[in-house]
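Since the structure comes first, as structure tokens, the remarks are kept for the end.
If you're wondering where the values come from, they're calculated on a predicted model, not measured in any experiment. Both ligands and their constituent atoms are indexed starting at 1 by order of listing.
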Amino acid sequence: MVTSRLPQDEIDRAVEALREGEVIAFPTETVYGLGADAQNPDAVRKVFELKGRPATHPLIVHIDHPRVLERWALSVPPAARALAERFWPGPLTLVLRRAPAVDLAITGGQDTVAVRVPGHPVAQQLLRAFGSGIAAPSANRYGHVSPTRAEHVREEFGDAVRVVLDGGDCKIGLESTIVSCVDTVPRVLRPGFITLTQLRTVVPEVQGRSDADAPRVPGSDVKHYAPSTPLSIVNSRTLEEVVTQLTSEHERVAVLAMRPPRVANKFMTWINAGRRADLYARDLYVNLRALDKAGAREILVEEVPAGEAWDAVRDRLHRAASAENVVAVDPDIAALRADFGEDLGQ
Ligand code: AMP
Ligand code: MG
């Protein structure tokens, strides 16, 4: 379903719920968000409770226009201003010094706040009608696969969320690029649809994510974006071999690949997501959800190509994977070591 705008009465219902301190869900171009009035600490607390999210994990404040940025940020450095002008509304989140009035529950107790102006027409409609900031993380339980359709939110939260605005499938399908503009040199904290190269066309000094921030080993970080079925990343050359190994005892295996299978196997569910990074990203969470329902013992994901276009996808896949499974099923440890760094398996 493709929706551009929603009827005003649906927006009004969501605004009313927000004003009453309720949690609602709404679409953005990246993923669906679980939103609360950013100026109501009790409502913000409900978001953390619903998600089961640790209190130290901050939320992004969504606003309708950069002109209200000063309400949330103590200062807006020129680099942040330039990035906002070029990429907002859009899939970019800026981390800035927190204005004194910003609730510490939103920022995880930090002195910085993350802010975004989303471009989705329904998110824009909602933010304009509400007239203030909406604190919103992705509308999934902590650590699980993010939602890119309204039905995903319903499946996850049922009636606990009073209003779920249905804006159709998210066009980008992966969370926003996060850039911290707190220090002298702006730095990417999370890769997303907007690449480092694109950011540098506006602010040449933006730094990529440092190795210390990157998930060094799948599973070393707190698991995130993860289906319930264990997920492993497998080298393309050995994919069929690993499938044969795992299905030898007639157990089902689910595969997310960029190509069709070379050998048929009745115990596997295979999704060919193709080789275009943007389309692969758009469908990633829908595909992971489908494979999670396949009744498989394991989800195998064909390793995605090197290169910037795949950075965001690679980041999510590595966080969704569990290290012990990668090691157990993939004989080609050397290739994985090159990708994940030296600490593989530790
Ligand atoms: P989600 O809402 O699930 O997309 O996750 C929000 C992301 O924004 C998390 O990765 C947070 O760590 C990040 N974030 C939010 N606020 C801040 C902040 N003040 N500083 C750094 N990262 C932040
Ligand atoms: Mg999330």
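- Ring-plane geometry between Phe26 and His62 is classed as perpendicular, the angle between the planes exceeding 60 degrees on a 0 to 90 degree scale with a lower cut at 30.
- Between the side chains of Arg316 and Ser146, no donor-acceptor pair of N or O atoms lies under 3.5 Å.
- The atoms of ligand 1 that sit less than 4.0 Å from any heavy atom of Leu189 are 21 (C), 22 (N).
- Ranking protein heavy atoms by distance to atom 17 (C) of ligand 1, first place goes to Pro58 CG, 3.4 Å.
- Atoms of ligand 1 found under 4.0 Å from any heavy atom of Ile178 (numbered from 1 in listed order, with element): 7 (C), 8 (O), 13 (C).
- Nearest non-hydrogen protein atom to atom 4 (O) of ligand 1 is Arg190 NH1, 3.1 Å.
- Between Thr107 and ligand 1 there is no heavy-atom distance shorter than 4.0 Å.
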Does the pair Thr244 and Glu241 meet the rule for a side-chain hydrogen bond (donor to acceptor under 3.5 Å, both in side chains), with working shown? CA-CA 5 Å; Thr244 307; Glu241 203 180 303; over 6 Å; no

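- Across all non-hydrogen atoms, the minimal contact from Lys171 to Arg282 is O-CG, 3.3 Å.
- Close approach of ligand 1 to Pro137 (heavy-atom distance below 4.0 Å) involves ligand atoms 2 (O).
- Counting heavy atoms only, Ala114 comes closest to atom 15 (C) of ligand 1 of the residues Ala114, Ser138, Ser146.
- Distances from atom 6 (C) of ligand 1 to the heavy atoms of His57, His224, Gln110, Arg53 put Arg53 nearest.
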Evaluate the ring pair (Phe, Tyr, Trp, His ring centres under 6.0 Å) criterion for residues Tyr225 and His144: first the C-alpha distance (whole Å), next the side-chain angles of each, then the deciding distance (0.1 Å), finally the verdict. CA-CA 5 Å; Tyr225 317 110; His144 289 191; over 10 Å; no

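- Looking at Asp42 and Arg45, a side-chain N of the basic residue comes within less than 4.0 Å of a carboxylate O on the acidic one, giving a salt bridge.
- Near Thr112, with a cut-off below 4.0 Å to any heavy atom, the atoms of ligand 1 are 18 (C), 19 (N), 20 (N).
- Judged by distance alone, the side chains of Ser176 and Thr30 never bring a donor and an acceptor atom under 3.5 Å apart.
- Among the atoms of Asn140, no N, O or S atom falls under 2.8 Å of the Mg ion (ligand 2).
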